S.K.: 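Sharing a structure below in structure tokens format, with a few things to ask.
We number each residue from 1, following the sequence as shown. Model, not experiment: these values are computed from the prediction.
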Amino acid sequence: MRKNKPLVDDLCKIVGKKQVRTNTILTEYYRRGFRSGGGTALAVVWPDSLVALWRVLQACVKHNTIIVMQAAKTGLTEGSAPSGDDYDRDVIVINTLKMKDLFLIRDGQQIVSLPGATLHRLEQELDKLGRAPHSVIGSSCIGASIVGGVANNSGGALVKRGPAYTELSLFARVTETGELELVNHLGINNLGTQPEEILSNLEAGRFKESDILDDERLASDQEYEQRVREVDAEEPARYNADARRLYEASGCAGKIAVFAVRLDTFRVPEKESVYYVGCNDTALLATVRREMLTRLEHLPETAEYMHREAFDVAEKYGKDVFLLIYHLGTEFLPKMFSIKGVVDAYLNKVPFLPSYLSDKILQWISQLWPCHLPKRMLAYRDKYEHHLIIKAADACIPETQALLSELFADVPEKDGGFFECVGTEAKKAYLHRFAAAGSAVRYQVMHQKAVDEILVLDIALRRNDSDWFEQLPEEITKDLVARLYYGHFFCHVLHQDYIVKKSANSKAIKEKMLALLQERGAKYPAEHNVGHLYQAEPQLAAFYRKLDPTNTFNPGIGKTSKRRCCESLPH
């Protein structure tokens, strides 16, 4: 990587020397993906204001550098860090976490978020008003940013909300002529006319309720509830390349620099009930999904699926995460994950220490703890292969209770059943499902001699796909240690983690799996963005080209070219 001293000097003048790092050891954590991937960078920069961010962008454009925008770095497809060392220009990583303010507007019915504000903080602020953000427990627990969720089409578990989406944003882009421009589509009047004036006024909150425009532009996917009910449709309910939900900041994948987004919030239910469903017949579970989506007047809040194998792996290898959240809450987790990542980056370089030492210590401590799951859940694990956790709220509760009773009335107990969670069962059921999402990584850490890597896929199935459970050929299964299936069942979004044997060819296995998914009419990724792991579909590649015609921001995303200008994306 070339040493562009003039640019580094400019960046230090803008944000201060302490906010610019060039040492490869100090920048390693920020140059690597959350689970995998990484690359080289000239520097990592931490602007602490929107004006400073604008000036950093100006300096980067002036010196013809690549810009990788980064917030909490929690993406799972390597899209928020550099990828490799084959770029044609220097790379600057701009971390936005210091710009973490957010504003509640319209009595909390909407928010304006700056680029570093986190979902976790938003949850805390909205809770005081009886409101909730687009996403709940999930990525919020590891410090994910609000803007990152919008940029990456994050979907989440909530049945009625769809992907994070807005048509109201404030962002910077590089034009076809190589000029940096600020685009203000935030829908707030009287912020000013010049970039630094607009940014300064916004960050200081110098606007009134009367300045906020209400027009036809969306601040959430308001069509999604009807869309998810259309169970006979060929197309998936939501997926990363859906052209319906690609709009400026929404789905941008870092191809622009987002300064702020405006989003809807949602009313918190007054009452909730959780139903735990188990069965051994995939057709029965498909019937439950179809009947509930078509017959219920009010949809459930969530419907989370987990296969028995995922249940078992999460019970052992997700136990520490479960216990930490259950006993201490989620408030400290974002900071803990951040510190853990930095510490691991250092410890992994010490020759006499085992790699991922912190994970191994946490795993060992967790196994000293008594069994943490409710007896009825464990009994269902023994009896049933497939598990579904349905959360109903308010008017949906009696509807759900009645329909489940009807659907299981004639089902023998050995084939399926359900119960309404009582006491701590509901909380523990959802925490166990949450822990499943990271258990494959812990399994890999603890079995490094036997495991090659983890193939992580998030799949959007066709809404009319009744044959939803994957059947892999023996030529693939022979090379797998485990298959972990879990996901958002009513949305037909499944997360599928494959733990591959040490002797296997992971790349070849993945290619075969993706080919099978294409045959089924599935889309991938469903909600994690293409990152550097997936090929961008033509409409998504065209969207990237429109946003970033010079290929300045995050080049190579979606397996496109990393080179400057019009070589970057297909026409």
Side-chain angles (χ1 to χ4, degrees), residues 132 136 155-163 220-239 266-307 380 384-413 415-422 425-426 429-430 433 459-469 486-494 521-522 526:
V136 292
L158 294 155
V159 173
K160 295 178 281 189
R161 296 185 193 172
S220 63
D221 188 349
Q222 297 176 11
E223 302 168 351
Y224 188 74
E225 180 170 349
Q226 179 57 39
R227 186 172 175 82
V228 79
R229 285 182 180 273
E230 295 167 355
V231 295
D232 292 316
E234 284 283 335
E235 191 178 33
R238 54 179 165 94
Y239 59 99
F266 304 87
R267 184 184 66 84
V268 173
E270 295 180 6
K271 182 180 179 181
E272 294 179 337
S273 290
V274 173
Y275 300 89
Y276 199 97
V277 177
C279 72
N280 291 315
D281 183 1
T282 58
L284 176 57
L285 218 54
T287 298
V288 171
R289 172 180 173 269
R290 170 175 282 273
E291 294 297 302
M292 295 193 78
L293 288 177
T294 56
R295 291 175 56 185
L296 294 182
E297 181 181 352
H298 304 90
L299 287 183
E301 302 299 299
T302 61
E304 291 295 283
Y305 169 77
M306 185 161 50
H307 184 260
Y380 264 47
Y384 305 124
E385 181 180 0
H386 305 284
H387 299 244
L388 184 63
I389 310 164
I390 301 172
K391 180 185 292 184
D394 298 337
C396 182
I397 295 174
E399 287 187 89
T400 300
Q401 176 78 47
L403 186 52
L404 285 175
S405 297
E406 174 189 327
L407 294 174
F408 283 89
D410 298 321
V411 176
E413 184 179 348
D415 295 329
F418 77 96
F419 63 83
E420 183 177 1
C421 294
V422 297
E425 286 178 331
Y430 271 96
R433 160 61 186 87
I459 314 301
L461 299 176
R462 291 178 289 110
R463 280 170 282 172
N464 65 352
D465 193 348
S466 59
D467 190 18
W468 59 271
F469 190 71
Y486 53 95
H488 318 308
F489 191 63
F490 283 7
C491 297
H492 251 198
V493 168
L494 292 179

S.K.: Check the angle between the aromatic planes of Phe419 and Tyr276 and answer parallel, tilted or perpendicular using the 30° and 60° thresholds.
M.R.: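 The rings of Phe419 and Tyr276 lie parallel, inter-plane angle below 30°.
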S.K.: Do Asp467 and Arg462 meet the salt-bridge criterion of a basic N to acidic O distance under 4.0 Å?
M.R.: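 Judged by the 4.0 Å cut-off on N to carboxylate O distance, Arg462 and Asp467 do not form a salt bridge.
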S.K.: Please report the interatomic distance SG(Cys491) to CZ(Arg227), rounded to the nearest 0.5 Å.
M.R.: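 Reported value, rounded in 0.5 Å steps: 11.0 Å.
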S.K.: Within this structure, what is the OG-NE2 distance for the pair Ser466 and His492, rounded to the nearest 0.5 Å?
M.R.: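 Result: 8.5 Å between the selected atoms.
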S.K.: Grab the two heavy atoms, one from Cys396 and one from Pro300, that are nearest each other, plus how far apart they are.
M.R.: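 Residues Cys396 and Pro300, closest heavy atoms: SG-N, 3.6 Å.
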S.K.: Is there a side chain to side chain contact (heavy atoms under 4.5 Å, CB included) between Leu403 and Met292 once you walk through the steps?
M.R.: CA-CA 7 Å; Leu403 186 52; Met292 295 193 78; 3.8 Å; yes
S.K.: Report the C-alpha distance between Leu404 and Glu420 in whole Å, list the side-chain angles of each, state the deciding distance to 0.1 Å, and finish with yes or no for side chain to side chain contact (heavy atoms under 4.5 Å, CB included).
M.R.: CA-CA 10 Å; Leu404 285 175; Glu420 183 177 1; over 6 Å; no
S.K.: What is the minimum heavy-atom distance between Gly278 and Tyr380, and which atoms define it?
M.R.: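 That would be N-CE2, 3.6 Å.
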S.K.: Can you name the one residue among His386, Arg289, His387 that meets side-chain hydrogen bond (donor to acceptor under 3.5 Å, both in side chains) with Tyr305?
M.R.: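 The option that passes is His386.
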S.K.: Does the pair Leu299 and Val228 meet the rule for a side chain to side chain contact (heavy atoms under 4.5 Å, CB included), with working shown?
M.R.: CA-CA 10 Å; Leu299 287 183; Val228 79; 3.9 Å; yes
S.K.: Nearest 0.5 Å, what's the NZ-CG distance between Lys160 and Asp221?
M.R.: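 Answer for the NZ-CG pair, Lys160 versus Asp221, is 14.0 Å.
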S.K.: Using a 4.5 Å cut-off on heavy atoms from C-beta on, say whether the side chain of Thr302 contacts that of Ile389.
M.R.: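 The answer is no; the side chains never approach within 4.5 Å.
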S.K.: With respect to His307, which candidate in Trp468, Tyr486, Phe469 satisfies the ring-ring contact (aromatic ring centres under 6.0 Å, His included) definition?
M.R.: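 Going through the options one by one, the only one that passes is Phe469.
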S.K.: Would you compute the distance between atom CD of Glu272 and atom CG of Asp394 and round it to the nearest 0.5 angstrom?
M.R.: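 Answer rounded to 0.5 Å: 8.0 Å.
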S.K.: How long is the gap from NZ on Lys391 to CG on Leu158, to the nearest 0.5 Å?
M.R.: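 These two atoms lie 8.0 Å from each other.
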S.K.: Could you tell me whether the side chain of Asp232 and the main chain of Asn464 form a donor-acceptor pair under 3.5 Å?
M.R.: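 No: the side chain of Asp232 does not pair with the backbone of Asn464.
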S.K.: Of the non-hydrogen atoms in Cys279 and Leu284, which two are nearest, and what is the gap between them?
M.R.: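 Reported closest heavy-atom pair: CB-CD2, 3.8 Å.
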S.K.: Residues in side-chain hydrogen bond (donor to acceptor under 3.5 Å, both in side chains) with Gln226, at least two apart?
M.R.: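 With neighbours one apart ignored, the set is empty.
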S.K.: Not counting sequence neighbours, which residues clear ring-ring contact (aromatic ring centres under 6.0 Å, His included) with Phe418? List them please.
M.R.: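 By the ring-ring contact (aromatic ring centres under 6.0 Å, His included) rule, Phe418 matches Phe408.
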S.K.: Under the salt bridge (charged side-chain N to carboxylate O under 4.0 Å, His left out) rule, collect the residues that match up with Glu399, sequence neighbours excluded.
M.R.: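 Expected list: none.
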S.K.: Using every non-hydrogen atom in the two residues, find where Val288 and Phe490 come nearest and quote the distance to one decimal.
M.R.: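 Closest approach of Val288 to Phe490, heavy atoms only: O-CZ, 4.5 Å.
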S.K.: In chain order, what residues pass the side-chain hydrogen bond (donor to acceptor under 3.5 Å, both in side chains) check against Glu291, with sequence neighbours excluded?
M.R.: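 Checked Glu291 against side-chain hydrogen bond (donor to acceptor under 3.5 Å, both in side chains); matches are Arg295.
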S.K.: What's the shortest heavy-atom distance between Ile459 and Ala526, and which atoms?
M.R.: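 In this case the closest contact between Ile459 and Ala526 is C-CB, 3.8 Å.
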S.K.: Could you tell me which residues satisfy ring-ring contact (aromatic ring centres under 6.0 Å, His included) with Phe266, sequence neighbours excluded, listed by chain and number?
M.R.: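 Applying ring-ring contact (aromatic ring centres under 6.0 Å, His included) to Phe266 gives none.
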S.K.: Quick one: side-chain hydrogen bond (donor to acceptor under 3.5 Å, both in side chains) partners of Tyr384, sequence neighbours excluded?
M.R.: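 If we apply the side-chain hydrogen bond (donor to acceptor under 3.5 Å, both in side chains) test to Tyr384, skipping adjacent residues, there are no hits.
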S.K.: Which heavy atom in His488 sits nearest to a heavy atom in Ala157, and how many Å separate them?
M.R.: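 Looking at all heavy atoms of both residues, the closest pair is ND1-CA, 3.6 Å.
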S.K.: Rounded to the nearest 0.5 Å, what separation is found between the CG atom of Leu285 and the CG atom of Leu407?
M.R.: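 Taking CG in Leu285 and CG in Leu407, the distance rounds to 10.5 Å.
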